[in-house]
Novice: 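Please find one structure pasted underneath; my questions will follow.
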Amino acid sequence: MILTIDIGNSNIDLAYFDDNKIISSYEFETKKFSTSYEYALMIEWTLKRERLQEREVSGVALSSVVPSLTSSFIEAITYLFGNPPFVVEPGIKTGISIETENPKEVGADLICNVVAIDEEYGECGIAIDFGTATTFSVIEKKKFLGVAIAPGVGTATFALFEKTAKLPQVDIRAPETSLGRNTISAIQAGIVYGFAGLVDGIIERQIKELKHKPVLVSTGGWAKRIVPHSKYLRDKIIDPFLTLKGLYYLYLKNL
Ligand SMILES: Nc1ncnc2c1ncn2[C@@H]1O[C@H](COP(=O)(O)OP(=O)(O)O)[C@@H](O)[C@H]1O
Ligand SMILES: CC(C)(COP(=O)(O)O)[C@@H](O)C(=O)NCCC(=O)O
Ligand SMILES: [K+]
């Protein structure tokens with residue numbers, strides 16, 4: 001059994017892989033100030049749910065974009081399993097060449113996303129990750145060509161609520177019309193149809209800069225709220241496990 005852990009800025013996602021398949025997954029809110037013992041407790045709870053002993057987990061793989069948690073999780077994993085995890089970090093084998101100016105600064109989750117696309121979907125693709133940020137990572141023939149980073153759906157909505165006196169927090173779902181006739185549906189229209197337009201605008205530009213037709217794969221917690229309203233994504237794949245799968249493939253490449 002291999003345990004993969006993806007630490008994002010909103011959620012920590014875990015998945016157990018057996019024989020190259022995800023047999024179970026868990027999602028916890030990213031609590032940025034817990035101790036390594038509390039993170040160990042969280043992992044241990046999932047082991048209990050799986051009726052697994054620590055010794056039945058032959059490896060742990062970690063992707064993190066929250067530096068303060070990375071070291072705590074390495075401590076927690078070493079404490080629980082007796083060995084440190086494989087960590088996505090500069091210097092590991094990825095099988096792709098990162099063509100950005102400073103490859104070391106590219107988020108581990110973005111690398112996982114494009115590796116998963118390369119392994120499972122095609123040699124030219126765009127991974128659209130609707131997380132705390134909305135990211136568009138592009139891979140073509142084993143080259144990570146670049147990424148576009150926009151605010152996340154929840155992040156933008158929260159900022160709108162925080163920065164305005166009279167706009168409330170709203171449930172992010174598509175309203176009937178873009179002609180909002182009350183404050184709630186007006187904000188919903190702006191967020192859902194606004195992000196659908198943002199997504200289409202960026203994908204359109206990236207497609208124009210590619211030599212081959214990219215496969216479009218969405219992931220991230222907000223995907224299912226936005227994808228149906230995007231002309232480029234509405235009938236395309238949403239793979240909630242894209243990042244964890246990429247992490248698993250990276251683990252295998254570094255055995
Ligand atoms: N299963 C889900 N169903 C609905 N909303 C979700 C789900 N998972 C996450 N979300 C929402 O999507 C947001 C982004 O989640 P996620 O993609 O895990 O972010 P990150 O990868 O940045 O940690 C979360 O803040 C949460 O509100
Ligand atoms: C852009 C991100 C914050 C997205 O993370 P998430 O939304 O999953 O929390 C993360 O990929 C990151 O911290 N990247 C580093 C900057 C870069 O990739 O250029
Ligand atoms: K993510």
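Start at 1 and go down the list; that is how both ligands and their atoms are numbered. We're numbering straight along the sequence, starting at 1. Values in this document were obtained by computation on a predicted structure and should not be read as measured data.
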Novice: Between G131 and ligand 2, does any nitrogen or oxygen pair lie at a separation below 3.5 Å?
Specialist: no
Novice: Do any nitrogen or oxygen atoms of D6 lie less than 3.5 angstrom from nitrogen or oxygen atoms of ligand 1?
Specialist: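 No, no N or O pair falls under 3.5 Å.
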Novice: Looking at ligand 2, does any of its N/O atoms fall within less than 3.5 Å of an N/O of T135?
Specialist: no
Novice: What residue pairs, at least two apart or across chains, pass ring-ring contact (aromatic ring centres under 6.0 Å, His included) with a residue in residues 51-77?
Specialist: Y39-F73
Novice: Could you list the atoms of ligand 1 found under 4.0 angstrom from a heavy atom of G220?
Specialist: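 This gives 17 (O) as the contact atoms.
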Novice: Under 3.5 Å, is there a donor-acceptor pair between the side chain of S72 and the main chain of S36?
Specialist: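 No, S72 side chain to S36 backbone: no donor-acceptor pair under 3.5 Å.
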Novice: Taking only heavy atoms of E27, which atoms of ligand 1 are found under 4.0 Å from at least one of them?
Specialist: 1 (N), 7 (C), 8 (N), 9 (C), 18 (O)
Novice: Do E120 and K245 sit within salt-bridge range, that is, some charged N less than 4.0 Å from a carboxylate O?
Specialist: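 K245 and E120: salt-bridged.
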Novice: Run down the list D13, I7, V65 and name the one with the heavy atom closest to atom 13 (O) of ligand 2.
Specialist: V65
Novice: Can you sort out which atoms of ligand 1 are near F130, meaning under 4.0 Å from one of its heavy atoms?
Specialist: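 Every atom of ligand 1 under 4.0 Å from some heavy atom of F130: 17 (O).
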Novice: Could you check, using the six-membered ring where one of them is a Trp, whether Y26 and W45 have ring centers closer than 6.0 angstrom?
Specialist: yes
Novice: Do any N/O atoms on T30 end up under 3.5 angstrom from N/O atoms on ligand 1?
Specialist: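 Between T30 and ligand 1, no N or O pair is found under 3.5 Å apart.
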Novice: So, for Y79 and Y37, is the gap between ring centers shorter than 6.0 Å?
Specialist: yes
Novice: Give a yes or no on whether a salt bridge exists between E50 and K48, defined as a side-chain N under 4.0 angstrom from a carboxylate O.
Specialist: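 No, this pair does not count.
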Novice: Heavy-atom contacts with E105 under 4.0 Å: which atoms of ligand 2 show up? List them by number with element.
Specialist: 15 (C), 16 (C), 17 (C), 18 (O), 19 (O)
Novice: I'd like to check the salt bridge (Lys or Arg N to Asp or Glu O under 4.0 Å) partners of D171; sequence neighbours left out, ordered by chain and number.
Specialist: R173, R225
Novice: Quick check on contacts: which atoms of ligand 2 are under 4.0 angstrom from a heavy atom of L110?
Specialist: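 The list of qualifying atoms is 11 (O), 18 (O).
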Novice: Do D129 and ligand 1 have an N or O pair less than 3.5 Å apart?
Specialist: no
Novice: Taking everything shown except R205 itself, do over 12 heavy atoms lie less than 6.0 Å from its CZ?
Specialist: no
Novice: Please confirm whether the backbone N or O of D13 pairs with a side-chain atom of D6, one donor and one acceptor, at under 3.5 Å?
Specialist: no
Novice: Below 4.0 angstrom from a heavy atom of S10, which ligand 1 atoms are there? Numbered from 1 as shown, please.
Specialist: 19 (O), 20 (P), 22 (O), 23 (O), 25 (O)
Novice: Between N113 and T243, do the side chains contain an N or O donor and an N or O acceptor separated by less than 3.5 Å?
Specialist: yes
Novice: Which option, G154, G131, G221, owns the non-hydrogen atom nearest atom 12 (O) of ligand 1?
Specialist: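 Selected option, by shortest heavy-atom distance: G221.
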Novice: If you count the atoms of ligand 2 from 1 in the order shown, which ones are under 4.0 Å from a heavy atom of G107?
Specialist: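 Listed by number with element: 11 (O), 14 (N), 15 (C), 17 (C), 18 (O).
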Novice: Could you tell me if any non-hydrogen atom of V147 lies under 4.0 Å from any atom of ligand 2?
Specialist: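 Contact check V147 vs ligand 2: negative.
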Novice: Using a 4.0 Å cut-off to any heavy atom of N9, which atoms of ligand 2 qualify?
Specialist: 3 (C), 5 (O), 6 (P), 9 (O)
Novice: Tell me whether D109 has any N or O atom under 3.5 angstrom from an N or O of ligand 2.
Specialist: yes
Novice: With a cutoff of 4.0 Å, is N9 in contact with ligand 1, counting heavy atoms of the residue only?
Specialist: yes
Novice: Is it the case that the side chain of S230 and the backbone of V199 share a donor-acceptor pair, with hydrogens and angles ignored and the cut-off at 3.5 Å?
Specialist: no
Novice: Test of understanding: given a 4.0 Å heavy-atom threshold, classify the contact between T132 and ligand 2 as side chain, backbone, both, or neither.
Specialist: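 Contact part for T132 vs ligand 2: both backbone and side chain.
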Novice: Does either side chain, that of E38 or that of T35, offer a donor lying less than 3.5 Å from an acceptor on the other one?
Specialist: yes
